Amino acid sequence: MQTSESNGGTPTSAVPAPAAAAVEKLNVKQLVLLAGTMLAAMLTLILPVAQLDEFVSRLLPEGGADLALANTAKGLFSTAHFAAYIPFAFIWGALSDRRGSRKPFLLMGLLGQAVMYAIIPYVPNIWALYAARFVEGIFAIAVVSMLMTMAVDMAPANRRGMTLGIFTLGMLLGNAMGAPLGGQLTEAFGYAAPFLAGTAVLLVMAGMVTLFVRDTSGLAHAYSFRESLAILRTNPRLYVPYAFSLLDRLTVGFFVGQFPVLAREIYGLEPRQTGVYLAVFLACFALFAPLGGLLSDRLGRVRPMLLGTLIYGFTLMLVGRASPEMLYVVMAVGGLSGAVLYPPSIALVGDYAGPRQRGVAMGGFNLAGSIGFAAGPLLFSLIADASNLLVPPLVAGALCLLAVALAAPVLLRRASGEPSLKPQLEGE
């Protein structure tokens, strides 16, 4: 069987000639549907964030006022959600690989999460709330992983980066819209409103998926559930995009946890002003994601990913040191560089994973990112407490530069086509 390399040396999946002909043309309608569903899924996921403090506190003794670990008790609400990702990111992916179909598991995720969102506001005690949040996380990761895997499945190999860049645009817009909308719903209708609104959105999207979303034709079945779960043993190259996903989400943890504190203490900003800076970062990240994907199709995955990470690292190190006026530029460049590095890392998962293992491979990518996102706020908070507020952005930037220094020699040799490092494509 003949295989091909992209301009940057990134492998494209080898498929039989009839299947290859079937995926040459991008199905724009399906891409828009998947990106729109991801926007709705991310918006739903973020809707409750603005009111989490008050929402969890109402179930703590005396609102948590005299509880020694009150902040930990509140944080466990989010931790319970992400803890579900650890086993189930792989399990949902492996099940979809074994069946050779993603849509049934996407619908399970949408409907299951809708039911849990309807239940969570009425859970009567804190431990039951953590349990409900864990179950909700089980269904949430099914939605995210299946949507991302379906986007990889449908993308023509030579347009995979651009396809995933457009898909990422939908994901990031949902993230940006969720928190302010959830805050407004809480102020107007109470703490249950973001969850009930999320239930309505999820049910509508389940109907849309049922009627209009289709699995890519000709999906291969995994030989067994065990074979699909063994992907990292049989395909260790996937550690590369996983590592970059973890790093990207870890550094986002700085913006979530420590940037608002730094903005107040170093720059003297009000919350509204801090929100403007974060909006600049997120808007550039979202709007330029398709460009990042296009560059990865034209130049290969490796060069945009490394260059984006390098620039992202330097911009992180300028936070707290640039003037308030220049900070707008820093945040814009940081968002742009994030947009350049993120779509290629997702595309690498599709490049490296065989058709029978894409579901579990994308589950691993999401799991790595979730671990980074969960660990980032804690890590940078500890660093700030042990030193000062100007150290966390230096550490975040240094981690990016270290990742480039370690990964560049291997990835650039791979991109140049060194035989010993060429991925073994399925069917060779």
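Source: prediction; values computed, not measured. Start at 1 with the first residue, then count along the sequence. Computation of the quantities below employed the complete heavy-atom set of this structure, encompassing side-chain atoms and omitting hydrogens, waters and symmetry-equivalent molecules.
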Requested in this report: Applying side-chain contact (heavy atoms from CB on, under 4.5 Å), run through V330 and V319 and close with a yes or a no.
Outcome: CA-CA 7 Å; V330 170; V319 175; 4.1 Å; yes
Query - Side-chain heavy atoms of P156 within contact of K25, under 4.5 Å - result: no
Query raised in the report: Do side-chain atoms of T199 reach the backbone of A114 as a donor and acceptor pair under 3.5 angstrom?
Result: yes
Query - Minimum side-chain heavy-atom gap V329-M326 below 4.5 Å - result: yes
Query raised in the report: So do H81 and L45 actually touch side chain to side chain, heavy atoms under 4.5 Å?
Result: yes
Report summary line: Taken to the nearest 0.5 Å, the spacing of T168 OG1 from F288 CZ works out to 15.0 Å
Requested in this report: Give a yes or no on this: more than 12 heavy atoms of other residues, nucleotides or ligands lie within 6.0 Å of atom CZ of F373.
Outcome: no
Query raised in the report: Do M162 and L26 have side-chain heavy atoms sitting under 4.5 Å apart?
Result: yes
**Report entry** Y342 and F285: CA distance, side-chain angles, deciding distance, side-chain contact (heavy atoms from CB on, under 4.5 Å) verdict
**Finding:** CA-CA 9 Å; Y342 191 64; F285 200 149; 4.0 Å; yes
Requested in this report: Walk me through it: do M205 and V143 pass the test side-chain contact (heavy atoms from CB on, under 4.5 Å)?
Outcome: CA-CA 11 Å; M205 296 317 298; V143 174; over 6 Å; no
Query raised in the report: Between the side chain of N366 and the main-chain N/O of A89, is any donor-acceptor distance below 3.5 Å?
Result: no
Query raised in the report: Under a 4.0 Å N-O cut-off, is there an ion pair linking R358 with D351?
Result: no
Query - Side-chain donor/acceptor of Y267 to backbone N/O of L262, under 3.5 Å - result: no
Query raised in the report: Where do A368 and S245 come nearest, in terms of heavy atoms and distance?
Result: C-OG, 4.3 Å
Requested in this report: Please round to the nearest 0.5 Å and tell me the distance separating atom CE of M177 and atom CE of M42.
Outcome: 13.0 Å
Requested in this report: For Y242 and L367, indicate whether the former's side chain and the latter's backbone hold a donor-acceptor pair under 3.5 Å.
Outcome: no
Query raised in the report: Just how far is it from atom CG of L399 to atom CG of L379, taken to the nearest 0.5 Å?
Result: 7.5 Å
Requested in this report: For the pair R321 (side chain) and L390 (backbone), establish whether a donor and an acceptor sit closer than 3.5 Å, ignoring hydrogens and angles.
Outcome: yes
Query raised in the report: Does any non-hydrogen side-chain atom of T309 lie less than 4.5 Å from one of L306?
Result: no
Query - Test item: Y352 side-chain N/O and Y239 main-chain N/O as donor-acceptor pair under 3.5 Å - result: no
Requested in this report: Look at the side chain of D97 and the backbone N and O of V360, then say whether any donor-acceptor pair between them is shorter than 3.5 Å.
Outcome: yes
Requested in this report: Supply the atom-to-atom distance L39 CG to L34 CG, rounded to the nearest 0.5 angstrom.
Outcome: 12.5 Å
Report task. Run through D153, L147, I346 and flag the one making a side-chain contact (heavy atoms from CB on, under 4.5 Å) with M362. Result -> I346
Requested in this report: Compare every heavy atom of T149 with every heavy atom of S145, then report the nearest pair and how far apart it is.
Outcome: O-OG1, 2.7 Å
Query raised in the report: How would you list all residue pairs meeting side chain to side chain donor-acceptor pair (under 3.5 Å) that involve residues 112-124, not counting sequence neighbours?
Result: Q113-E136
Requested in this report: Output the distance between atom CG (L169) and atom CG (L291), rounded to the nearest 0.5 Å.
Outcome: 12.0 Å
Requested in this report: Taking Q30 for its side chain and D215 for its backbone only, find out whether a donor-acceptor pair lies under 3.5 Å.
Outcome: no
**Report entry** Side-chain heavy-atom pair I126, V56 within 4.5 angstrom cut-off
**Finding:** yes
Requested in this report: Write down the atom of F77, the atom of R133, and the distance for their closest heavy-atom approach.
Outcome: O-CG, 2.9 Å
Query - Option passing side-chain contact (heavy atoms from CB on, under 4.5 Å) with F314 (candidates I311, L310, L318, L316) - result: L310
Query - Considering all heavy atoms, the nearest Y312-T315 contact - result: O-OG1, 2.8 Å
Query raised in the report: So D297 and N158, side-chain contact (heavy atoms from CB on, under 4.5 Å) or not? Walk me through it.
Result: CA-CA 6 Å; D297 288 335; N158 64 341; over 6 Å; no
Requested in this report: Give a yes or no on this: more than 12 heavy atoms of other residues, nucleotides or ligands lie within 6.0 Å of atom CE of M208.
Outcome: no
Query raised in the report: Tell me, do I138 and W92 make a side-chain contact under 4.5 Å, heavy atoms counted?
Result: yes
Query raised in the report: Looking only at heavy atoms, what is the nearest atom pair of P104 and R99, with distance?
Result: CG-NE, 3.6 Å
Query raised in the report: How many angstroms lie between CG in L327 and CD1 in I266, if you round to the nearest 0.5 Å?
Result: 11.5 Å
**Report entry** Note, F255 side chain near M331 side chain (heavy atom, < 4.5 Å)
**Finding:** yes
Report summary line: Closest non-hydrogen atoms of A132 and V123, given as atom of the first, atom of the second and distance, are CB-CG2, 4.1 Å
**Report entry** Geometric cation-pi criterion R58 and F55, 6.0 Å radius, 45° cone
**Finding:** yes
Query raised in the report: Do the ring planes of Y277 and Y328 sit parallel (below 30°), tilted (30 to 60°) or perpendicular (above 60°)?
Result: parallel
